[in-house]
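In what follows, a single structure is set out as structure tokens and then discussed.
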Amino acid sequence: MSQIRSVAVLVGSLRKDSLNRRMAHVLAQLAPASLKLEIVEIGALSHYNQDDDANPPSSWIEFRGRVHAADAVLFVTPEYNRSVPGVLKNAIDIGSRPYGHSVWSGKPGAVVTVSPGAIGGFGANHHLRQSLVFLNVPAMPQPEAYIGNAADLFDAEGAVTNESTRGFLQKFMTAYAAWVEANHPRG
Ligand code: FNR
């Protein structure tokens, strides 16, 4: 079997009953054994302020360290007003600085958007991909994951019971494991 790759999972919602957090847990369960997924929390990060680059808060240092240590990144996020929730953008900005020391660069990534709406967070998915291009995160192009109508997706234990969706998510994680292996900079 190939080497185990650690994946930093960024969830773009702070809500206790977040559908996206549930999805992150499901993806961790469905991932092939070559991937180890861990959520890196972003809720306690203060707003990014460039003035603090010289003396960053400890929460930023810890966050940057955790993403830096990971082999890959997986974004699981809702769409807010057809874009990325501010809390996730804040985390992305914190990880990207100080200039020249971004923790994102070169880490193979993937994007999953989850929404109770029909479009499945398409707008957020692609706004996020725009940032990932600039951050030099090779984001898996296919399969795309716009998970719509998600309010009915999970049972009381947080499992995805719909066989077709479950199959798709499994396929997504298998493709992502191959993507991580193919694009991992450390070999
Ligand atoms: C939303 N929601 C939403 N949904 C969507 O599909 N497209 C959108 O543009 C928006 N915009 C939006 C803005 C704001 C400020 C909020 C609070 C919500 C609804 C959103 O998808 C829904 O609340 C999800 O349940 C949020 O994800 P979590 O928290 O369940 O993971």
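This is a predicted model, so every value here is computed, not measured. Whatever order the structure lists them in is the order used to number ligands and atoms, beginning at 1.
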Which ligand 1 atoms does P78 reach within 4.0 Å, using its non-hydrogen atoms? 26 (C), 27 (O)

Touching ligand 1 at all, I119? Heavy atoms, strictly under 4.0 Å? no

Closest non-hydrogen protein atom to atom 1 (C) of ligand 1, residue and atom name please, with distance? E79 O, 3.8 Å

Set out, in order, the CA-CA distance, both residues' side-chain angles and the distance that settles side chain to side chain donor-acceptor pair (under 3.5 Å) for Y146 and E144, then state yes or no. CA-CA 6 Å; Y146 316 108; E144 299 156 279; 2.6 Å; yes

Based purely on interatomic distance, does R82 place a nitrogen or oxygen under 3.5 Å from a nitrogen or oxygen of ligand 1? yes

Closest non-hydrogen protein atom to atom 29 (O) of ligand 1, residue and atom name please, with distance? S13 OG, 2.7 Å

How close do F172 and P143 get, counting heavy atoms only, and between which atoms? CE1-O, 3.2 Å

For the 3.5 Å polar cut-off, considering only N or O atoms, please tell me whether D17 and ligand 1 meet it. no

Are more than 12 heavy atoms, taken from residues, nucleotides or ligands other than R129, located less than 6.0 Å from that residue's CZ atom? yes

Note the single closest protein heavy atom to atom 24 (C) of ligand 1, along with its residue, its atom name and the distance in Å. P116 CD, 3.6 Å

Taking distance alone, with N or O pairs closer than 3.5 Å, would you say V114 contacts ligand 1? no

Could you tell me which non-hydrogen atom of H184 sits nearest to which non-hydrogen atom of D71, and how far apart they are? NE2-OD1, 3.1 Å

of all protein heavy atoms, closest to atom 11 (N) of ligand 1 is N81 N, 2.8 Å

Only one of L27, T174, V7 clears side chain to side chain contact (heavy atoms under 4.5 Å, CB included) with L35; which? V7

Atom OG of S83 and atom NE2 of H126: how far apart are they, to the nearest 0.5 Å? 12.5 Å

Flag yes if L74 and W104 sit in one hydrophobic cluster, no otherwise; membership is Ile, Leu, Val, Met, Phe, Trp, Tyr, and two members link when side-chain heavy atoms are under 4.5 Å apart. no

salt_bridge(K89, D93) N-O dist < 4.0 Å: yes

For atom 6 (O) of ligand 1, what's the nearest protein heavy-atom neighbour? Residue, atom name and distance, please. S115 OG, 2.7 Å

Give the contacting part of S18 toward ligand 1: side chain, backbone, both or neither, where contact means a heavy-atom distance below 4.0 Å. both

Can you check whether P56's main-chain N or O pairs, donor with acceptor, with D52's side chain at less than 3.5 Å? no

Could you find the nearest protein heavy atom to atom 30 (O) of ligand 1 and give me its residue, atom name and distance? R15 NH2, 2.7 Å

Taking 4.0 angstrom as the limit and counting only heavy atoms of N20, give me the atoms of ligand 1 inside it, by number and element. 27 (O), 28 (P), 31 (O)

Short N/O distance, under 3.5 Å, between R21 and ligand 1? no

Salt bridge check, R64 against E62: does any charged N sit closer than 4.0 Å to a carboxylate O? no

Please confirm whether G121 comes under 4.0 Å of ligand 1, counting heavy atoms of the residue only. no

Is the closest protein non-hydrogen atom to atom 16 (C) of ligand 1 under 4.0 Å? yes

